[in-house]
Number of protein chains: 2
Amino acid sequence: MLKKERHDFIMRQINLHNRVLTSDLVQLLNVSEDTIRRDLQELVDENLLYKVHGGALSKSYHSSFDDSTVYARESKIAIGKKAIQLIKDGMVVLTGGGTTILELVKLLPQGLSATFFTISPLVAVELAKYNNIEVILIGGLFSKNSQVTYGGQVITQLSEIKADLCLMGTSAIHPDEGLTDTYWEINQLKKAMLACAKRTAVLCISEKLDIALRLRVCPIESISYLITELDNAHESLFRYKEKELNIL
Amino acid sequence: MLKKERHDFIMRQINLHNRVLTSDLVQLLNVSEDTIRRDLQELVDENLLYKVHGGALSKSYHSSFDDSTVYARESKIAIGKKAIQLIKDGMVVLTGGGTTILELVKLLPQGLSATFFTISPLVAVELAKYNNIEVILIGGLFSKNSQVTYGGQVITQLSEIKADLCLMGTSAIHPDEGLTDTYWEINQLKKAMLACAKRTAVLCISEKLDIALRLRVCPIESISYLITELDNAHESLFRYKEKELNIL
DNA sequence: TTTTAATGTGCGTGTTTTTGCGTGTTATTG
DNA sequence: CAATAACACGCAAAAACACGCACATTAAAA
């Protein structure tokens, strides 16, 4: 492999992930650490990236760091960190859309090898940054509001999938009413997602606890994991602990 | 073997693989290293390729699919402006992926009422910003390189669609060889897209003109419109005008 | 046909680039 | 503060390179 190609590869990784580890590059490119270090130094000289102990960072990363337009981003990252513990190598995972799922995906470990089905284009794009993850985007009508695909075709395709784990954002959850939603189409969609996964994890920031909306998706017992940003011992979770439900 | 023949051979290799190694050429052409080096230097002088230690790279080779800095963005906007003239109210349009298409979508008139099928999640998200456009995302395996869905499922779904117009980005176009591509899957995909649309418009920045890659998608006659950023009278387009092809 | 000039090609020589390794130093972590 | 990992520096071998020169081939001029 030519040096220029290596540089291109590194810059590609940087643009994709905003960071690279020296050790990863050594493995991926099959050259010595010194070579990688020299490459990184040369790219620094060209003002293309920012070198740190252990690897390098994207130059634009720091300047555009504050994409804090995401509401309650800190909470969602906390939820994401908990949720990734459920994902193991070799798993087939089904995900919905929403900013919480998106934050989770950004936190996945680089080496993870798994298959992801998703109804969210944005999640698909983010997942595609991981070399060892196979991404299948479930197609259909595209919802302008929730930025996911929906409709009959999606549900048909979901019925053909067998997933180990389903990761689902939530509109509302209530200890007695279970999972609920406002829109018929989204409701149908979530039912279909639940049906095709062995276990389902609901990702839910605390302010959506104890709310019931118009349409019932499923009772609380159909859910395997409830993941919030709260400490496990937090009082808001008492009512949920009484059910057969793992709280993370 | 004549020098010109060697040069043609080298350029062919470059267009095919985006790179050549000096050592490979020495073997393939059975001449001395010096001759190859001189050849490469001459091709550099003609501005046809990019020389590096160990070989040479294609000039139009840009590996990074970097969304922050779209390559040749001005040209792509110019192409987009021309292409939207083809889109009328009520149409069913099929689009591929790529930055050119993405720029086009951003230029669509707000009031446009149409149905768009697309294999690109990013295009879908962008299209969703228009109230009167119905967006159907065609799902399937998601390609990390080209950021579109592909594979058997996509092709099956495409076969069920009847579109008025297909908007397609391009890897390479050549007056004799037609539309060509490097990857089998993308090649199959483009064939399927062509098959389901009444007319096809190829969006192509000028530096991708007159290049032939490994796999043939279709002859030039199968295309209805060729859209570049160049003026209609530009000499680069002469060879294309001879064919039955509308140049915009 | 012969001469002359121009161009193309290969080889020898010396230079530069690239790369991996050994050594010792600096950061990071528990 | 000690163990580990990451780092910087210099060195040496190998590869790639540039340059000049000689020889071959070709083509036009004499």
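The sequence lines fix the lettering, A, B, ..., with proteins before strands; numbering per chain opens at 1.
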Checking [Y] against [X]: is there a side-chain donor and acceptor pair closer than 3.5 Å?
X        : Y        : value
B/Glu185 : B/Ser143 : no
B/Lys76  : B/Thr99  : yes
A/Tyr240 : A/Asp210 : yes

Determine the contact category for A/Ser23: base if any of its heavy atoms lies under 4.0 Å from a base atom, sugar-phosphate if only primed atoms, P, OP1 or OP2 are that close, otherwise nothing. nothing
Looking for any heavy atom pair under 4.0 Å, which part of the strands does B/Val52 touch: base, sugar-phosphate only, or nothing? sugar-phosphate
When the distance from [atom1] of [X] to [atom2] of [N] is rounded to whole Å, what number comes out?
X       : N      : atom1 : atom2 : result
B/Gln41 : C/dT9  : CD    : P     : 16 Å
A/Arg37 : C/dG22 : CZ    : P     : 15 Å
B/Leu25 : C/dG10 : CG    : P     : 14 Å
B/Ile36 : C/dG10 : CD1   : C1'   : 13 Å

Under the side chain to side chain contact (heavy atoms under 4.5 Å, CB included) criterion, do A/Asn246 and A/Ile227 qualify, and how do the steps go? CA-CA 8 Å; A/Asn246 295 295; A/Ile227 307 174; over 6 Å; no
Quick one: which protein N/O atoms are closer than 3.5 Å to N/O atoms of nucleotides 15-21 of chain C? Pair and distance per line, please.
residue	atom	partner	partner atom	Å
C/dT18	OP1	A/Lys3	NZ	3.2
C/dT18	OP2	A/Lys3	NZ	3.1
C/dT19	OP1	A/Arg6	NH1	2.8
C/dT19	OP2	A/Arg6	NH2	2.8
C/dG20	OP2	A/Ser32	N	3.2
C/dG20	OP2	A/Ser32	OG	2.8
C/dG20	OP2	A/Thr35	OG1	2.2
C/dG20	N7	A/Arg38	NH2	2.8
C/dG20	O6	A/Arg38	NH1	3.4
C/dC21	N4	A/Asp34	OD2	2.8

Does B/Asp181 form a salt bridge (charged side-chain N to carboxylate O under 4.0 Å, His left out) with B/Lys190? I'd like the steps, not just the answer. CA-CA 9 Å; B/Asp181 224 301; B/Lys190 289 189 174 175; 2.9 Å; yes
Check whether any side-chain N or O of B/Lys51 sits under 4.0 Å from OP1 or OP2 of D/dA18, and answer yes or no. yes
Check side-chain hydrogen bond (donor to acceptor under 3.5 Å, both in side chains) between A/Lys82 and all other residues, then give those that pass, not counting sequence neighbours. none
